[in-house]
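Whatever order the structure lists them in is the order used to number ligands and atoms, beginning at 1. This one's a predicted model, so the numbers in the text were calculated from it and none came from an experiment.
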Amino acid sequence: MSSLKTVISGVGGYLPQTIMTNDELAKKVDTSDEWIQARTGIKQRHVAGEGEFTSHLATEAAQAALQDAGLSADDIDLIVVATTTPDLTFPSTATIVQEALGMTHGAAFDVQAVCSGFIYGVTVVDSMIKAGQAKHALLIGAETFSRILDWEDRTTCVLFGDGAGAFVLSAAGSDDNGKGKGVISSFIRSDGRHRDMLYVDGGPSRTQTVGHLRMLGNQVFRHAVTDISGAIQTCADNAGIDTTEIDWFVPHQANQRILAGVAKKLGVDADKVISTVASHANTSAASVPLAFMAAKNDGRIKRGDLIMLEAFGGGFTWGAALIGY
Ligand code: UT7
């Protein structure tokens with residue numbers, strides 16, 4: 001077993017300036033603030049401006065995380081961007097961020113696991129750090145879902161927002177930085193049979209178009225509650241930890257009712273579940289680090305806390321990661 005462990009040395013995030021409220025959306029499609037809040041908990045979402053791309057959001061979040069870590073781009077040897085809304089089909093958004101940060105060394109690539117991308121990214125970066133392949137990595141979840149929404153489909157366009165969040169993940173000796181610090185366990189899963197419940201109906205090979213997001217929301221909802229609860233339980237069991245020992249749950253922010261359903265199923269105190277659904281909506285791969293940042297900035301998440309990250313998304317993909325902060 002590796003003597004290295006992966007610690008969070010910095011956290012950052014970025015949200016585009018423009019905010020779209022539910023009332024503004026109700027002018028575009030047949031919906032209401034009342035319906036959206038009651039069924040999802042969402043009050044508003046941030047939307048990227050014209051000429052503002054996923055890489056721009058990612059770069060801002062990366063710079064904030066670097067500042068929080070007290071590191072510069074020179075210290076970073078790996079960039080992983082979790083995104084489903086890349087600037088271009090290729091090159092990867094990670095390489096565009098690499099250039100924007102002025103880096104001419106190291107490696108950069110994207111991870112595509114839709115809303116679970118950040119949890120997949122934690123697993124990939126943790127493995128690479130423990131294998132000695134990187135010392136300081138930037139893991140970024142960045143999305144401009146506003147660009148793949150069908151703005152005439154009220155069943156989907158009300159649910160998503162744009163944003164980016166980032167962690168600096170660093171190698172530490174197993175005796176450094178205190179007991180229990182760093183990634184303790186992670187668990188990722190997928191099941192390709194459910195593709196038709198949540199997908200984008202375009203792509204370079206099949207249609208030569210970008211396509212729009214399509215979702216059978218209520219069916220996805222049921223899978224999400226069951227699979228997220230299972231992932232959290234497995235991740236905790238693998239670490240030999242009882243879920244009651246966890247200080248904070250930082251979930252993917254798809255729907256307040258999913259957050260509540262998972263907490264109820266696991267018998268978790270709802271006050272321990274960080275929620276940014278109301279102000280960010282669902283920012284896909286960005287939602288977990290953005291929620292982490294919000295709770296760190298308002299003083300809830302503190303160094304030494306035991307944190308469970310989790311997510312569920314298209315594929316289906318899902319997973320969880322237990323981290324000592
Ligand atoms: O991040 C990836 C994972 N994504 C998710 O986890 C999303 C999971 N799904 C959900 O969050 C929920 O299923 C939704 C928020 C998408 C929908 O909530 P729901 O309680 O499952 O509603 P529903 O789809 O069963 O629709 C109920 C009614 C329907 O009308 P009828 O057929 O009962 O007359 C819909 O047409 O609500 C209607 N409806 C709306 N009404 C006003 C659907 N969207 C809207 C809307 N405004 N925006």
Mark the output for Gln219 as yes if a heavy-atom distance to ligand 1 is under 4.0 Å, and as no if none is. no

Closest to atom 2 (C) of ligand 1 among protein heavy atoms sits Cys115 SG, 3.4 Å

Pair Ser275-Gln256, side-chain donor/acceptor within less than 3.5 Å: yes

Have Thr54 and Thr83 got a donor and an acceptor in their side chains that come within less than 3.5 Å? no

Indicate yes or no: does an N/O atom of His252 lie under 3.5 Å from an N/O atom of ligand 1? yes

Hey, quick one: are Phe292 and Val125 part of the same hydrophobic cluster, counting side-chain heavy atoms closer than 4.5 Å, chains of contacts allowed? yes

Side chains of Asn255 and Arg39, donor plus acceptor under 3.5 Å: no

Modelled atom types, side-chain donor and acceptor of Asp227 and Trp318, under 3.5 Å: no

At the 4.0 Å heavy-atom cut-off, does Thr40 count as touching ligand 1? yes

Which one of Met215, Arg222, Met197, Glu34 has a non-hydrogen atom at the shortest distance from atom 7 (C) of ligand 1? Met215

Side chains of Gln44 and Thr21: is there a donor and an acceptor less than 3.5 Å apart? no

Which heavy atom of the protein is the closest neighbour of atom 11 (O) of ligand 1, given with residue, atom name and distance? Asn255 ND2, 2.7 Å

Which residue and atom name correspond to the protein heavy atom nearest atom 48 (N) of ligand 1, and how close is it? Arg154 O, 2.8 Å

Test item: protein heavy atom less than 4.0 Å from atom 29 (C) of ligand 1: no

Is the charged tip of Arg214 near the ring of Tyr199: under 6.0 Å from the six-membered ring centre and within 45° of its axis? no

Atom 33 (O) of ligand 1 within contact range, any protein heavy atom under 4.0 Å: no

Among all protein heavy atoms, pick the one closest to atom 39 (N) of ligand 1 and tell me residue, atom and distance. Trp35 CZ2, 3.4 Å

So which of Val220, Leu159, Thr283 gets nearest to atom 16 (C) of ligand 1, if we judge by its closest heavy atom? Leu159

Got an N/O contact under 3.5 Å between Thr31 and ligand 1? yes

Decide if the gap between the ring center of Phe312 and the ring center of His223 is smaller than 6.0 angstrom. no

Measuring from atom 1 (O) of ligand 1, which candidate in Leu198, Asp30, Leu216, Asn282 has the nearest non-hydrogen atom? Asn282

Nearest protein heavy atom with distance in Å, relative to atom 21 (O) of ligand 1: Asn218 CB, 3.3 Å

Any non-hydrogen protein atom less than 4.0 Å away from atom 42 (C) of ligand 1: yes

What pair of heavy atoms forms the shortest contact from Val114 to Thr84, and how long is it? CA-OG1, 3.1 Å

